[in-house]
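Following this message is one structure expressed as structure tokens.
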Amino acid sequence: MAALAAVVAVAVLAFAMVTGGRGIAAAVIAKKPVIYIFGDSMSDVGNNNYLLLSLAKSDYPWYGVDYETGFPTGRFTNGRTIGDIMAAKFGVPPPPPFLSLYMTDDEVLGGVNFASGGAGLLNETGIYFVQYLSFDNQISSFEQIKNAMIAKIGKKAAEEVVNGAIFQVGLGSNDYINNFLRPFMADGIVYTHEEFIGLLMDTMDRQLTRLYDLGARNIWFSGLAPLGCIPSQRVLSDDGECLDDVNAYAIQFNAAAANLLKRLNAKLPGACMSLADCYSIVMELIEHPQKYGFKTSHTSCCDVDTTVGGLCLPTAQLCDDRTAFVFWDAYHTSDAANQVIADRLYAEMVSAGAVQGKGNATTASSPAPRVVVGGGASPSTHAPPPPKP
């Protein structure tokens, strides 16, 4: 579930609150916002479908059963991603997958989704999925888009578009679920968690600075969700409850990421980088599902918590009411949950003064970055879950 990451990721997740300056506000008021999405399977809208050898795909039933077409699209959920829903709130269609575009297309002038199932901050994360776009690959893909924009509208105009765009980044979940917590991956053996956090932050520092050098100014990084509470992790506990040690890792990651973004804002002129508190929002859904109209938050709609890969394969038996489940498969939230998460993120943006409605458009202001906080956690011993894209 990279990302409840993702998230939503994911984020996952979510475009969430964007701290903007005059560039983004002008872009949003004058036209519609240009949104660039970087992430993992919580944000992927079909990029991996174009990678022939990728083992991280969801291009089969029952994925997409509740999407507007009713067919699989490469999204790792039964319907829309959080990014899809947030795009609608900003008055734009979901940005298309990068790999669906030709660099001569006019679509390169609008938003683009670079997210790829299996991706992490580290290039070694997700290596057993064979083909995927790591965050470094995704940044290189954005560079291709910018060069294509320059060829079409000139360097100055392209720079103005990029400076005013919304950059949503939702990565980090796979660096734990499909790397640090995996006994056959070197990082979990070589590094202590403190050292691993340092490696992730050094990598993020370099990557976000590279995005800044390419013109990104308004970056919203989706903090990690409570990874220890996703179905694939719960089944590893003796009592079916959340794994406190894994949640503690997510909390530490979020605090370190918030500090990094603060330092980057101080160092890079015009940078407006913030952290979306996905942890609190998703934990609220998990602990109080009935409050939001759900019945089940501890297991997946497809009942695939213990299967290899944890995905809703065509042979899976779907739950009777997909709107009653927070989780669609062992890693990813359902369309209904994504709607609630997106609603909460947007509501927090409005209440914090981060966005203001203006006709059919949205303007952005500049709240301070938020730091994810959470309760203490105690270690637990557990075996690794099956790999997740």
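All values derive from a computational prediction rather than experimental measurement. Numbers here simply count residues along the sequence, with the first being 1.
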If you measure from the Lys or Arg side-chain nitrogens to the Asp or Glu carboxylate oxygens, is any gap between D84 and R75 under 4.0 Å?
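Yes, this pair counts.
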Side-chain ion pair, R263 and D205, N-O less than 4.0 Å:
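Salt bridge: no.
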Is it true that atom NE2 of H193 has more than 12 heavy atoms of other residues, nucleotides or ligands lying nearer than 6.0 Å?
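Atom NE2 in H193 is crowded, with more than 12 foreign heavy atoms closer than 6.0 Å.
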Given side chain to side chain donor-acceptor pair (under 3.5 Å), test N48 with S116 step by step and report yes or no.
CA-CA 6 Å; N48 282 15; S116 176; 2.5 Å; yes
Interatomic distance, I341 atom CD1 to I281 atom CD1 [nearest 0.5 angstrom]
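If we round to the nearest 0.5 Å, I341:CD1 and I281:CD1 are 7.5 Å apart.
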Is the closest side-chain heavy-atom distance between F294 and V340 below 4.5 Å?
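Result yes, sub-4.5 Å side-chain heavy-atom pair found.
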SG-SG distance C301 to C312 under 2.5 Å
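Between C312 and C301 there is no disulfide, given that their SG atoms are not under 2.5 Å apart.
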Mind checking side-chain hydrogen bond (donor to acceptor under 3.5 Å, both in side chains) for S140 and listing every partner two or more places apart, or none if nothing turns up?
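For S140 the side-chain hydrogen bond (donor to acceptor under 3.5 Å, both in side chains) partners, ignoring immediate neighbours, are R210.
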Answer whether the closest heavy-atom distance between the side chains of V282 and I286 falls below 4.5 Å.
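In short, these two side chains touch, coming nearer than 4.5 Å.
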What pair of heavy atoms forms the shortest contact from N179 to L122, and how long is it?
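Minimum heavy-atom separation between N179 and L122: ND2-CD1, 3.8 Å.
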Test ring pair (Phe, Tyr, Trp, His ring centres under 6.0 Å) on Y191 and F180; report intermediate values, then the result.
CA-CA 9 Å; Y191 301 109; F180 188 73; 8.2 Å; no
Min side-chain heavy-atom separation Y132-D40 under 4.5 Å
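The answer is no, as the side chains (C-beta and beyond) never meet within the 4.5 Å cut-off.
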Flag side-chain contact, heavy atom, 4.5 Å: M273 against L268
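In short, these two side chains touch, coming nearer than 4.5 Å.
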Looking only at side chains, do D175 and T125 share a donor and an acceptor under 3.5 Å apart?
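The answer is yes; a qualifying pair exists.
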N174-N178 side chain donor-acceptor pair, cut-off 3.5 Å:
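Present: a donor and an acceptor within the cut-off.
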Where does the angle between the aromatic ring planes of H332 and F76 fall among parallel (under 30°), tilted (30 to 60°) and perpendicular (over 60°)?
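Answer is tilted, since the angle falls between 30° and 60°.
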For F167, which of W220, F221, Y212, F142 qualifies under ring pair (Phe, Tyr, Trp, His ring centres under 6.0 Å)?
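It is F142, the one option of W220, F221, Y212, F142 that forms the ring pair (Phe, Tyr, Trp, His ring centres under 6.0 Å) with F167.
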Less than 4.5 Å apart, side chain to side chain, heavy atoms only: is that true for Q233 and L181?
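Side chain of Q233 against side chain of L181, heavy atoms only: contact under 4.5 Å found.
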Chi angles and distances behind the disulfide bond (SG atoms under 2.5 Å apart) call for C302, C319:
CA-CA 6 Å; C302 297; C319 56; over 6 Å; no
For a quick test of your reading: what N or O donor-acceptor pairs under 3.5 Å do the side chains of residues 94-101 make, sequence neighbours left out?
from, atom 1, to, atom 2, distance (Å)
S100, OG, P97, O, 2.6

Is there a side-chain contact between V246 and I230 (heavy atoms, below 4.5 Å)?
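No, their side chains stay 4.5 Å or more apart.
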Between L224 and Y176, does the side-chain contact (heavy atoms from CB on, under 4.5 Å) criterion hold? Intermediate values first, please.
CA-CA 10 Å; L224 298 186; Y176 283 96; 3.9 Å; yes
